[in-house]
Amino acid sequence: MAAMGRISARIGAVAESATLAIDAKAKAMKAAGEDVVGFGAGEPDFPTPAHIVEAAAAACRDPRNHRYGPVAGMPELRAAIAAKTARDSGLQVKANQVLVTNGGKHAIYNALATLLDPGDEVLVPAPYWTTYPEAIALAGGVPVVVATDQSTGYRATIDQLEAARTPRTKVLLFVSPSNPTGAVYPRDQVEALGRWALEHGLWVLTDEIYEHLVYGEATAHSMPVVVPDLADRCVVVNGVAKTYAMTGWRVGWIVGPADVVAGATNLQSHQTSNVAAVSQQAALAAVSGPLDDVAAMRDVYDGRRRRIVELLRAIPGIECPEPEGAFYVFPSVKGVLGRDVAGRTPASSLDLAAVVLEEAKVAVVPGEAFGAPGYFRLSYALGDDDLVEGVTRLAKLLAG
Ligand SMILES: Cc1ncc(COP(=O)(O)O)c(C=O)c1O
């Protein structure tokens, strides 16, 4: 009889989050006194807006926030999320269609665990956010990666999705604006994908966490708004982390059909219970407050976006499309691979990222983490001086 493993096969198969690992390595190098510029984490460099912090500070002093609360979230917050959803995307939902989770990541896992039976397939357009395939597998599903490239602006087409669809396909994972490419789907494409999903009886898990971070002419369109008939088979994921510079507070949510939300709430009742009450109070202040701070941060990101694209395009061997949303650039580094870099010959973006971190003290995430070898992801949610310093170091290193 085969010996039983010390850890389960299910958990043994999970890869560490590459983005968090790189961020941790960069932060450890910084703590050890090294001068590292970190483009790794998808984390705003701004502090959380003051009125949100004040609401949390007041909440700390109120003993009602020292207790367990309803698993699905404070009723005021669920209602405020429903109102915010109507305000920002136009989707009309009731408070019982909202489940407050420990961040968007938790929302994604709980939604998948609620929808998937073992072997159910989920279509995941690549380059994908690194957590999606792992969360699908943990939930018992099978990620089916659908490769997209620059020729379609990293937007999945119906033909590509159709080629990957099987009788076991249950869910399409959709994200716009996208991490890692910054791609934003125009309305007609959102509509086409939504209609296609509806026609084939698929569910859509749509991740709207970057809804406010769009630039130029781009607009984020919510699939169940564009295709209202899909609403009964659509789960929206969102959260405060990116919009309000609140990554550390850990508040996200699911908005979806009441039966799915009830199922996910039962799961959460045995898993984490309610999200920390003080964080919920902070999220309440965020989603029910004005969007001025959000607009101001978006303007700053927009300036950095243009700057980083311009600087990267000036580096021989790097090709950098202009992203339309989120706060990432996703340049190709294929033109650099196989060349001499600081006496080494990196053959993959994974190798190159390691050389860049060691030699230039610049942390980037290699495309391998997103199912797209040959690319780097750089977050431009960092200070302007760091941004210029980091890309300048990269340019110097690659110039030899
Ligand atoms: C596409 C996408 N969805 C969801 C999340 C989850 O964010 P959080 O768990 O911090 O709310 C992230 C964070 O990087 C993301 O990039």
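Atoms within each ligand, like the ligands themselves, are counted from 1 in listed order.
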(request) Spell out, yes or no, whether Leu337 and Leu397 are grouped together once hydrophobic residues are joined by side-chain heavy atoms under 4.5 Å, including indirect joins. (result) yes

(message) Donor-acceptor pair, distance only, cut-off 3.5 Å: does the side chain of Glu368 make one with the backbone of Pro373?
(response) no

(request) Taking the six-membered ring for Trp and the single ring otherwise, decide whether the centroids of Tyr301 and Tyr215 are under 6.0 Å apart. (result) no

(message) Taking salt bridge (Lys or Arg N to Asp or Glu O under 4.0 Å) as the criterion, tell me which of Asp299, Asp384, Asp385 meets it with Arg304.
(response) Asp384

(message) If only side-chain N and O atoms count, and only distance matters, is there a donor-acceptor pair under 3.5 Å linking His106 with Asn110?
(response) yes

(request) Would you please say whether a donor-acceptor pair under 3.5 Å links the side chains of Tyr185 and Tyr154? (result) no

(message) Residues around ligand 1, heavy atom under 4.0 Å from any ligand atom, sorted by chain and number. Can you pull those?
(response) Gly103, Gly104, Lys105, Ile108, Trp129, Tyr132, Asn179, Asp207, Ile209, Tyr210, Ala241, Lys242, Arg250

